[in-house]
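Let me begin by presenting the structure, written as structure tokens, before commenting on it.
In what follows, chains are A, B, ... by sequence order, proteins preceding strands, each numbered from 1.
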There are 2 protein chains.
Amino acid sequence: MVARRVLKYAILGLLRKDDKSGYDMTSDFKQAIGQFWSAKHSQIYTELKKLLEEELISSYIELSGEKLEKKMYTLTEKGKEDLHTWLLTQDDHLETEKDVFALRLYFLKDIPSADLLALFENQLNLRTDKLNMLQEQFAYYFGEENPAEDLDADELGHYFVLTKALSREENYIHWLMESMDIIRQRQLGE
Amino acid sequence: MVARRVLKYAILGLLRKDDKSGYDMTSDFKQAIGQFWSAKHSQIYTELKKLLEEELISSYIELSGEKLEKKMYTLTEKGKEDLHTWLLTQDDHLETEKDVFALRLYFLKDIPSADLLALFENQLNLRTDKLNMLQEQFAYYFGEENPAEDLDADELGHYFVLTKALSREENYIHWLMESMDIIRQRQLGE
DNA sequence: GACCGCATGTAACTCGTTACATGATTGA
DNA sequence: TCAATCATGTAACGAGTTACATGCGGTC
């Protein structure tokens with residue numbers, strides 16, 4: 001069984017502290033949590049409508065300025081319960097972590113060896129940019145030091161997500177560089 | 001722009017060397033390449049039908065025994081060209097690497113601290129099993145040594161995919177253990 | 001004879017993206 | 001005044017899962 005209705009719980013989770021609009025959630029998915037789940041505004045608005053019908057959230061209108069309406073959503077008691085049940089759910093298996101670069105690489109015999117390093121370099125650039133972005137985020141929220149002891153429970157979730165994303169990217173880059181060395185070695189021997 | 005029709009190219013790629021049936025491909029997605037892309041048989045058969053219509057592959061029937069028919073697929077010239085173009089495509093951005101465990105963790109403030117370590121332990125078990133399975137696969141195909149220099153171009157793709165998956169799981173486990181230490185430290189201070 | 005793996009397919013549904021559509025607010 | 005950002009929504013389509021449906025082949 002595949003993890004079901006993840007977006008539903010991502011949205012309920014985003015509402016656990018503050019009321020938010022669909023637009024706010026769209027922005028959240030561009031921040032830290034977007035490293036591990038994301039959705040476009042079209043999908044978010046559709047899901048919000050469904051969650052309202054299911055009475056897991058309720059809504060009210062807030063004005064920004066004179067006319068512009070923000071539809072704010074709040075967790076209902078039912079929504080809180082559903083979220084808390086889900087938070088304690090243990091996964092019974094791991095999903096395939098899809099990665100188009102690795103897939104392409106599996107077929108590398110059909111990639112001319114002159115083009116292979118260029119593909120790696122492109123991936124290295126993308127990953128390096130992402131790592132830099134994450135390091136900036138980390139420094140902004142937590143400073144340059146490793147502050148795990150001083151954090152409150154709320155910041156700790158953010159801390160874990162950022163350290164997870166950082167270590168993922170560092171590891172990816174490390175593997176890319178090792179693999180590029182292997183390719184260069186082989187090309188010398190050609 | 002999101003990477004489009006990845007399954008199409010995964011299938012064309014799997015056919016680059018040998019003819020295969022839909023069933024064979026379903027098995028392939030349970031092996032090494034399944035670490036980075038996978039699909040159920042229902043989706044594979046549907047895609048094969050589409051690729052036939054597009055004339056990127058052709059098919060013929062092979063018998064296993066007296067009656068059991070295997071429908072074997074072959075890359076056409078058009079299919080080969082399409083695959084080779086795709087293999088040289090550079091990604092211009094990275095997709096969100098979805099991870100339900102990390103998502104759940106972001107909301108950790110709402111997880112009772114007694115349950116938190118159990119969630120981590122569950123994830124650690126899943127990841128450890130996966131790492132062991134990958135290590136066995138690696139040992140089976142490449143032996144215990146690091147043989148990158150002796151491989152032909154075809155094995156190298158397999159080698160990269162396996163080392164990538166291994167380093168991903170090792171890194172995941174390392175981060176899990178570090179995070180569990182932090183949680184234990186904090187619980188002592190409670 | 002029963003069970004497991006081999007083998008192929010379709011239908012209904014859910015999830016996710018792209019494109020279409022509209023309008024307000026803020027700051028340069 | 002122009003552009004970027006704020007703000008919400010729907011429609012069409014593509015991707016992926018689950019369930020339904022059927023039959024052969026080998027082995028215990």
Side-chain angles (χ1 to χ4, degrees), chain A residues 1-11 19-31 34 36-54 57 59-73 92-100 103, chain B residues 1-11 19-31 34 36-54 57 59-73 91-98 100 103:
Chain A
M1 181 78 86
V2 144
R4 294 187 60 181
R5 296 202 64 188
V6 180
L7 180 60
K8 164 183 163 179
Y9 293 106
I11 288 176
D19 297 354
K20 284 178 192 261
S21 66
Y23 190 86
D24 294 335
M25 297 174 196
T26 309
S27 313
D28 288 336
F29 284 126
K30 289 172 190 152
Q31 306 298 314
F36 298 106
W37 207 266
S38 66
K40 314 276 183 194
H41 80 272
S42 55
Q43 201 188 357
I44 293 169
Y45 288 119
T46 310
E47 188 66 31
L48 285 168
K49 201 175 152 188
K50 203 169 166 186
L51 295 175
L52 267 181
E53 278 163 25
E54 296 173 312
I57 56 177
S59 73
Y60 58 93
I61 300 293
E62 215 177 76
L63 283 180
S64 323
E66 280 298 298
K67 286 186 179 176
L68 190 59
E69 297 191 340
K70 278 186 79 156
K71 200 185 275 186
M72 303 298 288
Y73 295 92
D92 57 4
H93 72 287
L94 301 171
E95 312 269 317
T96 299
E97 294 173 52
K98 296 190 167 182
D99 180 336
V100 177
L103 173 66
Chain B
M1 182 76 86
V2 143
R4 292 188 61 181
R5 296 202 65 187
V6 180
L7 180 60
K8 163 182 163 180
Y9 293 105
I11 289 175
D19 296 355
K20 285 179 193 262
S21 66
Y23 191 86
D24 295 334
M25 296 174 197
T26 308
S27 313
D28 287 337
F29 284 127
K30 290 171 189 154
Q31 306 297 315
F36 298 107
W37 206 266
S38 67
K40 315 275 181 193
H41 80 272
S42 56
Q43 200 189 358
I44 293 169
Y45 288 120
T46 311
E47 187 67 31
L48 284 168
K49 201 175 151 189
K50 202 168 167 188
L51 295 175
L52 268 180
E53 278 163 25
E54 295 172 313
I57 56 177
S59 73
Y60 58 94
I61 300 294
E62 215 176 75
L63 284 181
S64 323
E66 280 299 299
K67 286 186 176 177
L68 189 58
E69 297 191 340
K70 280 186 78 155
K71 200 186 275 185
M72 302 298 288
Y73 295 92
D91 302 316
D92 57 4
H93 73 287
L94 301 172
E95 312 270 315
T96 298
E97 293 173 51
K98 295 189 168 182
V100 177
L103 173 65

Roughly, in whole Å, what's the span from CD1 in A:I61 to C1' in D:dC6?
15 Å
Euclidean distance, atom CD of residue A:E62 to atom C1' of C:dT25 [Å, nearest integer]
15 Å
4.5 Å side-chain heavy-atom contact, B:K98 and A:V6
no
Sequence neighbours left out, what passes salt bridge (Lys or Arg N to Asp or Glu O under 4.0 Å) with A:E69? Give chain and number order.
none
Applying a 4.0 Å non-hydrogen cut-off, can you work out what B:K98 is touching in the nucleic acid: base, sugar-phosphate, or nothing?
sugar-phosphate
Any chance you could lay out the side-chain contact (heavy atoms from CB on, under 4.5 Å) test for A:D28 and A:K20, step after step, and finish with the verdict?
CA-CA 10 Å; A:D28 288 336; A:K20 284 178 192 261; 2.9 Å; yes
Output the rounded distance in Å from CD (B:E95) to C1' (D:dA15).
12 Å
Does a side-chain N-to-carboxylate-O contact under 4.0 Å join A:R5 and A:E54?
yes
Set out, in order, the CA-CA distance, both residues' side-chain angles and the distance that settles side-chain contact (heavy atoms from CB on, under 4.5 Å) for B:V100 and A:F36, then state yes or no.
CA-CA 7 Å; B:V100 177; A:F36 298 106; over 6 Å; no
For nucleotides 8-12 of chain C, which of its nitrogen or oxygen atoms have a protein nitrogen or oxygen under 3.5 Å away, and what is each distance?
from, atom 1, to, atom 2, distance (Å)
C:dT8, OP1, B:K71, N, 2.8
C:dT8, OP2, B:Y23, N, 2.8
C:dT8, OP2, B:Y45, OH, 2.9
C:dT8, O5', B:Y45, OH, 3.4
C:dG9, OP1, B:K71, NZ, 2.5
C:dG9, N7, B:H41, NE2, 3.4
C:dG9, O6, B:H41, NE2, 2.8

Estimate the overall bend of the helix from C:dG1-D:dC28 to C:dA28-D:dT1 from the end axes over five pairs each, rounded to 10 degrees.
30°
Atom CZ of B:R5 and atom P of D:dG16 are separated, to the nearest Å, by 11 Å
Could you tell me the separation between the CG atom of A:L68 and the C1' atom of C:dT25, rounded to a whole number of Å?
7 Å
Mind checking whether A:M25 and A:I11 have side chains closer than 4.5 Å, heavy atoms only?
yes
Take A:S27 and A:D24 through the test side chain to side chain donor-acceptor pair (under 3.5 Å) and record every step on the way to the result.
CA-CA 5 Å; A:S27 313; A:D24 294 335; 5.5 Å; no
On DNA chain C, compare the nucleotides closest to A:V6 and A:E66; which residue's is nearer the 5' end?
A:V6
Identify the heavy atoms of B:L48 and B:G22 that sit nearest to each other, and give their distance.
CD1-CA, 3.7 Å
Is any side-chain heavy atom of B:I44 closer than 4.5 Å to a side-chain heavy atom of B:F29?
yes
Just to confirm, is there a sub-4.0 Å distance from OP1 or OP2 of D:dA7 to any side-chain nitrogen or oxygen of A:K67?
no
Can you tell me how far C1' of D:dG26 sits from CG of B:L63, to the nearest Å?
17 Å
Using atom NZ of B:K40 as one end and atom P of C:dT14 as the other, report the distance to the nearest whole Å.
17 Å
Specify the separation, in whole Å, of atom NZ of A:K8 and atom P of C:dG16.
14 Å
